[in-house]
Amino acid sequence: MKLKNKKQIEFICPICKTKEKIPREIVEMLDEADQHGVDTHVPPRFDCEKCYGKMVPIFYIGVKGKIYKYKE
Ligand SMILES: [Zn+2]
């Protein structure tokens, strides 16, 4: 069985715990743009609108097959 991303990827801010759903296409686009010699241990991130934090995916499979999981 192959794991698949959902249509929307849920992101969470580690600081204020705000959650936001972001369309998979956008996350994957950013992910692909990030692949050029950049550290792939870091998932695609978005600026939190409520604080200075960076939102990270709760569960996301990268374009190169890497699985990112958010842990407290
Ligand atoms: Zn925040």
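When a ligand or atom number is given, it counts from 1 through the structure's own listing order. All of these numbers come straight from a predicted model, not from anything done at the bench.
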Main chain of Y60, side chain of N5: is a donor-acceptor contact present, judged purely on distance under 3.5 Å?
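Looks like no, no N/O pair under 3.5 Å.
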Expected output: side-chain K66 to main-chain V63 donor-acceptor under 3.5 Å
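It does not hold such a pair.
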Please round to the nearest 0.5 Å and tell me the distance separating atom CD of Q8 and atom CZ of R24.
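Interatomic distance, Q8 CD to R24 CZ, rounded to 0.5 Å: 10.5 Å.
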Yes or no on side chain to side chain contact (heavy atoms under 4.5 Å, CB included) for D47 and K54, after CA distance, side-chain angles and deciding distance?
CA-CA 5 Å; D47 289 329; K54 289 270 187 196; 2.7 Å; yes
Following the transitive rule for hydrophobic clusters with a side-chain heavy-atom cut-off under 4.5 Å over Ile, Leu, Val, Met, Phe, Trp and Tyr, establish whether I12 and V27 coincide in one cluster.
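Hydrophobic grouping puts I12 apart from V27.
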Would you indicate whether the side-chain heavy atoms of F59 and I67 approach each other to under 4.5 Å?
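Yes - at least one pair of side-chain heavy atoms lies under 4.5 Å apart.
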Which atoms of the protein, restricted to N, O or S, are nearer than 2.8 Å to the Zn ion (ligand 1)?
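As for protein N, O or S atoms lying under 2.8 Å from the Zn ion (ligand 1), they are C13 SG, C16 SG, C48 SG, C51 SG.
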